[in-house]
There are 2 protein chains.
Amino acid sequence: MKEIFGTGQPGGAPPAPAVLAAKVRTLAPSMTRSMQRVAEAVAKDPAGCAALTVTGLAERTGTSEATVVRTARLLGYPGYRDLRLALAGLAAQQQSGRAPALTTDISVDDPLAEVVAKLAHDEQQTLADTAAGLDTTQLGAAVTAAAGARRIDVYGIGASGLVAQDLAQKLLRIGLIAHAHTDPHLAVTNAVQLRSGDVAIAITHSGSTGDVIEPLRVAFEHGATTVAITGRPNGPVTQYADHILTTSTARESELRPAAMSSRTSQLLVVDCLFVGVAQRTYETAGPALAASYEALAHRHRQRR
Amino acid sequence: MKEIFGTGQPGGAPPAPAVLAAKVRTLAPSMTRSMQRVAEAVAKDPAGCAALTVTGLAERTGTSEATVVRTARLLGYPGYRDLRLALAGLAAQQQSGRAPALTTDISVDDPLAEVVAKLAHDEQQTLADTAAGLDTTQLGAAVTAAAGARRIDVYGIGASGLVAQDLAQKLLRIGLIAHAHTDPHLAVTNAVQLRSGDVAIAITHSGSTGDVIEPLRVAFEHGATTVAITGRPNGPVTQYADHILTTSTARESELRPAAMSSRTSQLLVVDCLFVGVAQRTYETAGPALAASYEALAHRHRQRR
DNA sequence: CACGGGTCCGAAAATATCTTTCAGATGTGA
DNA sequence: TCACATCTGAAAGATATTTTCGGACCCGTG
């Protein structure tokens, strides 16, 4: 069997220096234990790790050279050598005056003002990570597909279901035929209707939500162009996805469920997708947006 | 010879990445012809050279590996490997020097990468604004009311409807009785059921969405504690609100409907409200969160 | 003009580093 | 518990870097 790891991102994602920290955060959950140790060490002390050889880093993290190389691959680099280069770059950037973001958990007895500050900061971080980790090539492909689609179906369950609805609502506003499906059975029965030229989009943070994967699989097998918006670019859902849009995965805690930051991340991706499509179809999207704005104005009371 | 550079590292310490260019200029005259070629190439295109192996750089400069290594030594590095790392650092610093102003609107012909950057930046700004403008006293009051409520109803239409659902979903997870109403008629008929001790929350960006104000009015008149989450702290909706949580109002443009940033803002407020309530009811919320997490895990296929 | 002393240079060997392979270890679901 | 798949590290294999070493070149001198 072929090595599944090496693929990483087939779409030729260039290894970037500044987005490395974001990538670590995004991909950490989909890593194995030893790889996480390596990733953590790398994220914690870029300068120190850049000075180490592959053997040295393996020793420091208590793993083997092979694992270090595998981690480098997962982070999108051809090998450890390149990761090391990026690490040096990151270290240099950090060196040149940057305040390290202080992220503490929210605890039960935090005053409200602090809760607000921490939540806002966290979501900002999530946005930055997502933007940094988003592959614009994949995004472009998804935009092209959606802009020319006969029909667009979006699948999502739970919190992701709301994101799916948000996307569908917006696409409808610019004159596209878009539906959000939050019921697994209905989703599948609708997916059967799809064919080449249609687009199916699955939104799942974990990348392994069966109820969402199933309709995507059906759509995929019926020839539709499929897009996965997920936090686990290696998850099962990507198996049936022509294009993969990666959301960031911030660490969660008891009082801050994963749903919170993943939702922020998903929404940003969805917004990007939407704006991209709106650009592409500006001829019709522009007037449509204006018209829907007009229509809404009449639902508002006039006072004040 | 005396060390004239500001490295502050006398002896065999590795030179900093930033002073590399200066070193090249200073030491160039004392170099041999071939070494000068190498030094020049390195100074002119750090990024490009960092990507080359010792053999590659030798070829590009028309010299040999040995010469490259000798040059690296002359510049103060133990070997080419370390010069290369410094080069990568330098490249990264130069790269990060460019901070493009993102204050402009998104236009039809923006490349996707820029769309992503602008959207992310904008939403970050929105979060900061919201956090800054949120009145923690009002928030505290709303939290207290919600934490002790017999029942919580949330009203929202369109994009705000999704936020309402998000809030209700989360509150349900920690064991509270919460419902989101997106149908105006049903919302009103349900609002009639409310009484003192219950909480009604209206979410409307414009503050003047009749379909949302009406149920809140009914709830208010039936004695429920009412909360308004709105971008217009003076809007009609506040007339029937005991507590007002203000969301930020970012400027909109044709390709970036107001719904986008207002949604981000609303979600942050809703999250704050939720976390506050979860803190307040930690006795029951903690276990409930853990339990719902457990339950979800089984809906996911095995990892990878 | 030839010669000797010095420096400079690069091909190839020697070493270090990185990558791949493979088989045992470990965990997971039926 | 067993079967299966995944994870992991030791060691072999491939690259890259460093060192070695002999020849080329420059230049002043006899």
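Here the structure is a predicted model, which is why all the values come from computation and not from measurement. Numbered from 1 within each chain, the chains take letters A, B, ... in sequence-line order.
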Residue pair Ile213(A) / Gly207(A): nearest heavy atoms and the distance that separates them: CD1-O, 3.8 Å
From CA spacing to verdict: side-chain contact (heavy atoms from CB on, under 4.5 Å), Cys272(A), Leu139(A): CA-CA 8 Å; Cys272(A) 291; Leu139(A) 178 61; 4.1 Å; yes
Residue pair Ala145(A) / Thr225(A): nearest heavy atoms and the distance that separates them: CB-CG2, 3.8 Å
Residue met sooner reading DNA chain D from 5', once Thr67(A) and Asp82(B) are mapped to nucleotides: Thr67(A)
Which atoms of nucleotides 11-17 of chain C (N or O only) lie under 3.5 Å from a protein N or O atom, and what are those distances?
none

Rounded distance (Å) that lies between atom C1' of dC7(D) and atom CZ of Arg73(A): 17 Å
Whether Gln138(A) side chain and His243(A) backbone form a donor-acceptor pair below 3.5 Å: no
Main-chain N/O of Ser261(A) paired with Ser265(A) side-chain donor or acceptor, under 3.5 Å: no
Within the sub-3.5 Å range, which N or O atoms of nucleotides 25-27 of chain D have a protein N or O partner, and how far apart are they?
none

Atom-pair distance (CE on Met35(B); P on dT7(C)), nearest Å: 14 Å
Residue pair Thr247(A) / Ile229(A), side-chain heavy-atom distance below 4.5 Å: yes
Under 3.5 Å donor-acceptor, Arg73(B) side chain and Pro78(B) backbone: yes
Between P of dC7(D) and CG of Leu74(A), the distance in whole Å: 11 Å
Touch class at under 4.0 angstrom, heavy-atom based, for Gly56(A) against every strand present: nothing
For DNA chain D, the residues among residues 40-52 of chain B that have a non-hydrogen atom under 4.0 Å from it: none
For atom CD of Glu59(B) and atom P of dT17(D), their distance in whole Å: 13 Å
Euclidean distance, atom CG of residue Leu57(B) to atom C1' of dT18(D) [Å, nearest integer]: 15 Å
Thr230(A) side-chain N/O to Pro233(A) backbone N/O, donor-acceptor pair under 3.5 Å: no
Test item: Thr226(A) side-chain N/O and Ala200(A) main-chain N/O as donor-acceptor pair under 3.5 Å: no
Lys/Arg-Asp/Glu bridge criterion (N-O < 4.0 Å) met for Glu40(A), Arg37(A): no
Side-chain ion pair, Lys118(A) and Asp122(A), N-O less than 4.0 Å: no
